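Below is one structure; the comments refer to it alone.
Chain identifiers are assigned alphabetically (A, B, ...) following the order of the sequence lines, protein sequences preceding nucleic acid strands; residue numbering begins at 1 within each chain. All of these numbers come straight from a predicted model, not from anything done at the bench.
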Amino acid sequence: MAGKSNVKIHIKTEWCKGCVICVEYCPTDVLAMRNGKAYVKDITKCTACELCEIRCPDFAITVLYDKSEK
Amino acid sequence: MAGKSNVKIHIKTEWCKGCVICVEYCPTDVLAMRNGKAYVKDITKCTACELCEIRCPDFAITVLYDKSEK
Amino acid sequence: MSFRYEIRFSGEGGQGLVLAGKIFAEAAAIYDGLNATQSQSYGPEARGGSSRSEVIVSDDEIDYPKAVSIDLLLALTQEACDRYYADVKEGGVVIVDAAAVQTIPEGNFKIFQVPIIELARQKVGKPLFANIVALGIIAGIVDVVTEDALKSAIEARVPKGTEEINLQAFQVGLQEGKKYLTSF
Amino acid sequence: MSFRYEIRFSGEGGQGLVLAGKIFAEAAAIYDGLNATQSQSYGPEARGGSSRSEVIVSDDEIDYPKAVSIDLLLALTQEACDRYYADVKEGGVVIVDAAAVQTIPEGNFKIFQVPIIELARQKVGKPLFANIVALGIIAGIVDVVTEDALKSAIEARVPKGTEEINLQAFQVGLQEGKKYLTSF
Amino acid sequence: MFEYEKYIRKNKFPLVWCSGCGDGIVLKALLRAIDSIGLEKENVCMVSGIGCSSRLTGYVDCNTLHTTHGRAITFATGIKMAKPELNVIVITGDGDATAIGGNHYIHAARRNIDLTVIIFNNFIYGMTGGQVSPTTPVGMLASTAPFGNMENTFNISGLAQAAGASFVARGTVYHTVMLEKLIKKAILKNGFSVVEVLSPCPTAFGRRNKSGTIIDMMNEQKDNCVTSARAERMSERELEGKTVIGELVNIDRPECSKQYRKLIERCRSGL
Amino acid sequence: MFEYEKYIRKNKFPLVWCSGCGDGIVLKALLRAIDSIGLEKENVCMVSGIGCSSRLTGYVDCNTLHTTHGRAITFATGIKMAKPELNVIVITGDGDATAIGGNHYIHAARRNIDLTVIIFNNFIYGMTGGQVSPTTPVGMLASTAPFGNMENTFNISGLAQAAGASFVARGTVYHTVMLEKLIKKAILKNGFSVVEVLSPCPTAFGRRNKSGTIIDMMNEQKDNCVTSARAERMSERELEGKTVIGELVNIDRPECSKQYRKLIERCRSGL
Amino acid sequence: MNVIRVMTGNEACAEGALAAGLSFFAGYPITPSSEIAEELAELLPCAEGVFIQMEDELASIGAVIGASLTGAKAMTATSGPGFSLMQENIGYAIMAEVPCVIVNVMRGGPSTGLPTLPSQGDVMQARWGTHGDHQIIALAPYSVIEIFDLTIRAFNLAEKYRTPVILLLDEILAHVSEKVVLSDTAVRVIIDRIIPQEAPEAYLPYRYTQNLIPPMAPFGSGYRYHVTGLAHDETGFPTNDPVEIEKLLFRLQDKIIRNRDDIVQVEEFLLEDAEIGIISYGSSARSCRHAIRQLRAQGVRVGMLRLITIWPFANVKVEKWTKNIGKWYVVEMNMGQIAREVEAAAHGDATIFGIRQINGEPINPEFICQKIKDGLNV
Amino acid sequence: MNVIRVMTGNEACAEGALAAGLSFFAGYPITPSSEIAEELAELLPCAEGVFIQMEDELASIGAVIGASLTGAKAMTATSGPGFSLMQENIGYAIMAEVPCVIVNVMRGGPSTGLPTLPSQGDVMQARWGTHGDHQIIALAPYSVIEIFDLTIRAFNLAEKYRTPVILLLDEILAHVSEKVVLSDTAVRVIIDRIIPQEAPEAYLPYRYTQNLIPPMAPFGSGYRYHVTGLAHDETGFPTNDPVEIEKLLFRLQDKIIRNRDDIVQVEEFLLEDAEIGIISYGSSARSCRHAIRQLRAQGVRVGMLRLITIWPFANVKVEKWTKNIGKWYVVEMNMGQIAREVEAAAHGDATIFGIRQINGEPINPEFICQKIKDGLNV
Ligand SMILES: Cc1ncc(C[n+]2csc(CCOP(=O)(O)OP(=O)(O)O)c2C)c(N)n1
Ligand SMILES: Cc1ncc(C[n+]2csc(CCOP(=O)(O)OP(=O)(O)O)c2C)c(N)n1
Ligand code: SF4
Ligand code: SF4
Ligand code: SF4
Ligand code: SF4
Ligand code: SF4
Ligand code: SF4
Ligand SMILES: [Mg+2]
Ligand SMILES: [Mg+2]
């Protein structure tokens, strides 16, 4: 599945507790872990589905994109 | 209905509080009230059904009879 | 010195003795401009059993609101009479129901045997009014609170619609009481 | 006079510092015949956050069981180091994880930068064993409790089946520590 | 004639309750049930809270415990767990069991501990003079509901069932013989058992609500109750306004004190 | 992207909860639900008890009240009765709501007072380090159930229903979108509403019970839950071992605070 | 205009509360306090206030605190067993500084004790019943009219000092009917809580103001803040910082202690020329007045320091008077709870005797006279 | 044989209870007491005893009293908030004379306060927390081994005097690990309750025996009797007779007070030659010992009267020592709860200073030294 253009994922590492939930439930394998924190491995695959944002317990992920494009 | 012979009704007036339950629920009108206490008006009608005894809240009525006769 | 008059209404639960006490206290306090307290005691068991209600009337502040030496005892049952007569002070007044109290206590007090309950039944219609009849009797016998004050207090306290019959009960008592008139 | 030696193990929740403290205390108390107390402090928030565990060893009764002037501080995180180094007494010992603690505190104490977590990872297999490695390092550097006592305490305390690997971790630390050998 | 004297503390009589109070009728049914099972008085322990109904324990010649308001079930739980061989019967009122004691009630049901709880439901706080209770029907008067109760009520039996009770039944003082049988079944049941008894309070409830005499109140029970057996064959509409009496729940689940004995066994045998 | 920042107290972050604790996911669903209704923060009052989950109130920028263990519903009742125009949301744990707070839970349901109670059910006492709770499944380990829990458990939702709640639902942190919708419905419902959220505790429950990571625990939710809609079409046997999620009860009954306002009206107009 | 009425203490308490502005009552019935609830069940809805009977006392005090946080003047009433159950949340109200009034109509204890009989056995419990260090205000009226007045005062103090205030009645006062003269025109002092003047953004709910009492914003008035029973800083959020903890706990103490002069009231009854002093309170003080009049008629110069405020204790007055008069009797319906306090405050300056009665009977004035006369001969 | 172990105070409490014969524990978790329950959850079933976690603290103390009535030695453990909730039924246990042990591991209060931090703020609550006049026994150990010993003693006193006994620990003692030497062979005194010797028909459950403590028959042992929290006579049935009430309440008081000598324990630490005295207890006393050693090393002659029994208060000892030494410091982690008692007991014979700390930190010995040294210069 091709990702959306214009998507940005912002990860607030100070708040991330490394639970891996976002990584696990991202349908397109965009995210990964490094030093106990989540990071964006490959933004191009991101569909802006927001599943990572919605399930991150620590308010550490924000999915930013231009809604008009959706 | 004819009563049983050999029936005795004992009313402990010190315990009777005059609630009238026994009088009301005696099927054969054996009991009545006098000076706020129950008394045996007509023992001959008594069938020894024990309904008065079983419902007297104050343990004031005892129905005595020879069971062998029943 | 100021006066302090102590009345104990006694009998059994359901005879309206607390109400009688309250009416007496209100008569004194509201309509006669005196001070008054009324209190009752609860038996060990909340339900039924003997009941007592005390009124203290005074023209001064009433500190201790319980009876210390009783001026007037009303007893509507034998049990109440037996239990309380000893607290009546010398020269006090004891009013008993003539039918209910058969054993008359002995002591240094005036005793009045009045068929209170019977009067209520016969002349007012229901033994239930014995408490108001008793108020009348007391008003007739002793002069602590005015008749008018008692009437006003009765009118104000009894359930709406029953004022007439209660006032009648009071009158019945009053007339009976006056027969035994004494002075305060 | 009697001696009193105070050690504070510090780092973050999950690094097993309370266990390390308990093992140290048991080594001293049960196997070396000394007195020892161990205590820990809970952060404002129960979950995560910094963690500290204190051991006091003495040949006399230990009255006050909390550190008053620390002889040895172990710090496995920068935060813990920053927070606690000031409590170390003059001439005391500070052992920090070489990787985690980048900003080295200054003060009148001996400081040892040891790659504790790295040693645990590389030579024992898991960073989890850093606490036991640290016990070895301490045993190597200071002479408060005997090696044998620590080994016995480790054997008795760690989960069944993990005795071997824990003792190995201790040895790894011990050897490293001895490089820095000092005298007590 | 039943020999009540065998089970009562005669010197404490006459009973403290008002004339016509239903509680004495329940007491008698309870004694007959105990007798019919053949329980030894030594092995019966009755635990009550505070309230008119809770004064019952003073009259029964067994191990009796009059506790604090709402807590009878907690004391009973301690007794049963510590000495499971005792038959523990809890005597409680609607307020005692379901207002202040509601939590213990549902937790004992959840644990399914082998207690028999007899709730004297008079729809009011009798002892304290007629305040509203969680079972006072909507619209009825109480000293603290002078404009009529406007709070919804508990279904005492339904609550026990939802919480996990093994046996639940409802009886009335009119249906005295049935009551005895329900209590008997409840005592015999291995698990948490409840018998809710509708026991009229002519004084604190009846007088204020113009329910008439105790006879009127008992007649109302006669006219208004249907047995659970019959209720099953009735439609929702037919059941409206009716009170279902009889056995309501009877299921088997692991019992708490026995489960614990098993654990002790397990520990003892080192498993 | 949802603007959580509008509703949170950012300077209190990061959250106190453990890595992977489900509670943060519930918090987010709750904020979205509030936003979607369009509630003003001034008019929202969140009341919690004591427990990990109850720390939630500290993070939400509205009127927040962190009370005592088990009593949140009582404080909330006072708030709602005194100021019915506030939207009162209770945040509570399985222990807080159903162990120590069980009585208030059933009474608020009985009164049908318009509170929204969100129960964070992690099947354990998280805050105090993993003691057994009334919802800990039989056989599971807890620090005070070292041989496995042997007490029967509460059905939190069933209890609310039996006590008289208007709206009852169950959600999980895995089913995040559904959770938001259930919370929204609960808030909008005029009456006592409960949302039981299965919110895994990887620390105090998971570790001891070898439940794996939070991912394993959430996957278990994914695999094991069926919606109430689907459950209706399933047999008892098919449902065994499954957890039903979604809306469970939705009925209309008189609401307590509004009934009281009516009484005030009645008194005012002298009727 | 004056209205003359005969009313009971419990009625006076209910009416006093309404006069003070009560708009929320939550309670659970218990003898001998139930009539307060019963009165208010009838009167509150007509005054647009809320009456609710809760499932127990734990819930009652919880609801009262919740209601108070919305700005309502809130009260509950109970007796010993219920008062014990309220202790945890009384501590919460102290810690979170939520004004409310708790009436405890004392009956005989311990435990279920003597439900229908009077006592003054909960005086020390009122001071120390909840866990942790704290201060409390407790008042003890001695007549029906004083119940009316002190109920108003209890609300005033609660609102002024942001704290729960305990009103200690006893069974005698609760149930005695007495003449009261209520004036319509007399200006009654009614104190309301201070609400914040600053903008919501600037509001610190537990600010260290000069007078130690932070203004309190009602929930729902636009000030969004956090309230907790945990130790907290000025913002209201939890803290474990020793400095903040100490600041908080000292402020909670000092806001009461530094205002002792405002809070503590006593009545000095015929003390000026007295050679023997009595300390008493509540209905026992009535027995004492009766006894004092009698003793004075017999030439014994007795006077009384009557405690109107029980807590904080009237140390200053007691110290002063025990320096002046060497012999004191502390008269109370308990085993000497206030006598202990007097002992401590007297620092050995006077001899203190207790006249105690715990048998469920009111203290007979004669008994007091006798004790004091017996003491004259020694 | 001696067994040397390192254990925490909470562990020592659990093991001490088992050594005393504990066979029933009911509790509800709360920091910092939970480990007592956790230990016993594991150990009790193996000792054929019962552990049950109840739904709350009200239920816990209820179950404990119920179990004790069957003859079990029963205990519960809690901390401040839970202790507040138990107050009603503690009064019941006092009134009905049911032996049991209640452990309160003190943490910072009031209210939820400081759940993980130590304090000694519940000392007065232990004395006065429940309604009505009563006496209580409370013990305060200061080391892990003393926790073990005093837990046994708490059971012994409870059983001997048919009364609840409160064991006051604090967060420091609960969680500190310390070396303890347990002797297998040393004879431990274990006291069991006296059971009736007479036939069931002759049994009076509340008989006025010479020693004031009626023998107690376990439920189910053939003695059928009635237990109530109402005032009762010797038969155990309720009474409103003033004479009987007074007899009962005085017996309940006297059985404790007349046995003060048996119950009250203190440790006199370096007092003989002291010029300055310290009074302290629990973990604060450890800070004091540390400080005393330090001060003595500097030539300051300080000693300590350590309270082991907190209630009944060690009046006699305090009176004696405050006559001998003129300057006293009362050191405690609260706002001076025991200092007040010392003040009252000293009758002005000595000057009493409080050294108090309420910020959640243990009292640093250095702080004590400083305060005392500061005092030397004035
Ligand atoms: C803690 C506590 N709160 C309140 C009371 C007062 N009280 C005694 S009995 C009772 C209610 C009794 O009602 P219920 O349980 O229905 O019993 P009933 O008298 O109707 O049989 C109350 C509120 C008390 N004794 N203890
Ligand atoms: C009266 C009282 N008893 C006990 C406690 C200790 N305590 C705090 S939170 C808690 C249980 C929390 O469990 P739960 O409600 O399920 O919340 P969770 O932490 O799991 O979210 C307990 C027992 C307390 N604070 N107050
Ligand atoms: S928005 Fe969806 S696709 Fe993109 S990173 Fe998040 S979960 Fe993956
Ligand atoms: S879900 Fe959130 S907290 Fe967890 S790893 Fe991803 S960003 Fe970090
Ligand atoms: S036994 Fe039956 S018939 Fe005889 S008096 Fe009693 S009720 Fe009537
Ligand atoms: S039922 Fe019993 S108490 Fe009632 S009138 Fe008959 S005998 Fe008397
Ligand atoms: S008040 Fe009601 S419940 Fe109580 S004894 Fe009287 S009739 Fe029975
Ligand atoms: S202990 Fe459990 S419930 Fe508490 S924060 Fe951690 S994961 Fe969440
Ligand atoms: Mg009832
Ligand atoms: Mg939980």
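Nearest heavy atom pair, residue E:Thr64 against residue E:Val60, reads CG2-O, 3.3 Å.
At a 4.5 Å heavy-atom cutoff, the contact between E:Ile214 and chain B is made by side-chain atoms alone. With a 4.5 angstrom heavy-atom cutoff, E:Leu31 touches chain B only via side-chain atoms. Proximity to chain B (any heavy atom under 4.5 Å) is shown, for E:Asn219, by both the backbone and the side chain. Residue B:Cys16: no heavy atom, backbone or side chain, is found under 4.5 Å from chain E. Only the side chain of E:Tyr4 comes within contact range of chain B, with at least one heavy atom under 4.5 Å from a heavy atom of that chain.
E:Ile34 contributes atom CD1, which lies 11.0 Å from atom CD of E:Glu180 (distance to the nearest 0.5 angstrom). A distance of 12.0 Å separates CE in E:Met178 from CD1 in E:Ile183, rounded to the nearest 0.5 Å. Going from atom CD of E:Glu5 over to atom CG of E:Asp61 covers 11.5 Å, rounded to the nearest 0.5 Å.
A donor-acceptor pair shorter than 3.5 Å cannot be found between the side chains of E:Ser228 and E:Glu247. No side-chain donor-acceptor contact under 3.5 Å links E:Asn122 and E:Ser199.
At least one cation-pi condition fails for E:Arg9 and E:Tyr59: the charged atom is not both under 6.0 angstrom from the six-membered ring centre and inside a 45 degree cone around its axis.
You'll find the ring centres of B:Trp15 and E:Phe13 inside the 6.0 Å limit.
Between chain B and the residues E:Thr176, E:Ile215, E:Thr213, the most heavy-atom pairs under 4.5 angstrom are made by E:Ile215. The candidate from B:Val63, B:Ile61, B:Ile21, B:Leu51 with the greatest count of non-hydrogen atom pairs under 4.5 Å with chain E is B:Ile21.
Of residues 7-14 of chain B, those residues lying under 4.5 Å from chain E by any heavy-atom pair are B:Lys12, B:Glu14.
Sparse packing is recorded around CG of B:Asn35, with 12 or fewer heavy atoms of other residues, nucleotides or ligands lying under 6.0 Å away.
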